[in-house]
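All residue numbers refer to positions in the sequence shown, counting from 1. Remember, it's a predicted structure, so these values are computed and weren't measured experimentally.
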Amino acid sequence: MSLIPTSTVDSARPYLVGLSRIAIGLLFSCHGAAALFGVLGGMKGGTVEALTWPGWYAAVIQLVGGVLVLLGLGTRTAAVICSGSMAYAYFSVHQKVALWPIQNGGVASATYCWAFLLIAATGPGALALDGLLARRPARVAAEPVTG
């Protein structure tokens, strides 16, 4: 027997998914902003040099992808790209150091990878611009007046 009725959990699920998406997108975009602009404590030693592989591109994905996920705009596509970038970071940087993320410093990369994959699979939940734009009625073009 559950302490919380199933109907309550089911009705709250879209909002819990949406709030989780917002939090993950915000935190991820902070990494990008720190790397690109040196804000929020920045990176050790400043910012990432423009157009350098893979650091600058990863930072752009973090900032832009994180903001898109935060807003719930193009959520599934942005989440897949963010997840892939973190999988790349994990396997190209961390995995060669040690097997387990706790040993190789890749906990954040692995966690973000799986979190974004979950967002891509579940969708944006409530409080997303995707949902607002989908509900918006299509504008009907005015018919030309013939006469």
**Prompt:** Parallel, tilted or perpendicular: which describes the rings of F116 and Y112, with under 30° parallel and over 60° perpendicular?
**Reply:** parallel
**Message:** Nearest 0.5 Å, please: how far is CD1 in I24 from CG in L118?
**Reply:** 7.5 Å
**Message:** Using the rule given for side-chain contact (heavy atoms from CB on, under 4.5 Å), can you reason through F28 versus V67, listing the C-alpha separation, both sets of side-chain angles and the distance that settles it, and then say yes or no?
**Reply:** CA-CA 8 Å; F28 197 63; V67 168; over 6 Å; no
**Message:** Which Ile, Leu, Val, Met, Phe, Trp or Tyr residues join W100 in one cluster when any pair of side-chain heavy atoms under 4.5 Å counts as a link?
**Reply:** L99, I102, V107
**Side chain proximity check, Y90 to Q95, heavy atoms < 4.5 angstrom** = yes
**Asked** Is there side-chain contact between L36 and V48, with at least one heavy-atom pair below 4.5 Å?
**Response** yes
**Shortest non-hydrogen separation from T47 to G38 and the atoms involved** = CG2-N, 3.3 Å
**Request:** Of all the heavy-atom pairs spanning A79 and V69, show the shortest one and how long it is.
**Result:** N-CG2, 4.0 Å
**Request:** Examine L71 and L19 and state if one hydrophobic cluster contains both, with Ile, Leu, Val, Met, Phe, Trp and Tyr joined whenever side-chain heavy atoms are less than 4.5 Å apart.
**Result:** no
**Request:** Heavy atoms only: give me the nearest A120-V80 pair and the separation to one decimal.
**Result:** CB-CG2, 3.6 Å
**Request:** Output all residues satisfying salt bridge (Lys or Arg N to Asp or Glu O under 4.0 Å) with R13, sequence neighbours left out; order by chain, then residue number.
**Result:** D10
**Prompt:** Is F37 linked to L26 within one hydrophobic cluster, defined over Ile, Leu, Val, Met, Phe, Trp and Tyr using a side-chain heavy-atom separation of less than 4.5 Å?
**Reply:** no
**Message:** How long is the straight-line distance from CD1 of I22 back to CG of L127, given to the nearest 0.5 Å?
**Reply:** 5.0 Å
**Asked** Are L51 and V60 co-members of a hydrophobic cluster defined by side-chain heavy atoms under 4.5 Å apart?
**Response** yes
**Euclidean distance, T75 OG1 relative to I119 CD1, rounded to 0.5 Å** = 8.5 Å
**Fill in**
So CD of Q62 and CE of M86: to nearest 0.5 Å the spacing works out to 4.5 Å
**Request:** Only pairs at least two apart or in different chains count here, so list each side chain to side chain donor-acceptor pair (under 3.5 Å) that has a residue in residues 17-30.
**Result:** none
**Request:** Flag yes if more than 12 heavy atoms outside Y57 fall under 6.0 Å of its OH atom; otherwise flag no.
**Result:** yes
**Asked** Hey, mind stepping through L133 and L73 against side-chain contact (heavy atoms from CB on, under 4.5 Å) and telling me if it holds?
**Response** CA-CA 9 Å; L133 296 176; L73 188 60; 3.7 Å; yes
**Nearest heavy atoms of C82 and G66, plus distance in Å** = SG-N, 4.2 Å
**Message:** Do L70 and V64 land in one hydrophobic cluster if side-chain heavy atoms of ILVMFWY residues count as linked below 4.5 Å?
**Reply:** no
**Prompt:** Are Y88 and L63 in one and the same hydrophobic cluster, where Ile, Leu, Val, Met, Phe, Trp and Tyr link if side-chain heavy atoms are under 4.5 Å apart?
**Reply:** yes
**Prompt:** If you take all heavy atoms of G65 and A78, which pair is closest and at what distance?
**Reply:** O-CB, 4.2 Å
**Prompt:** Closest heavy-atom contact between G74 and D130?
**Reply:** N-OD1, 2.8 Å
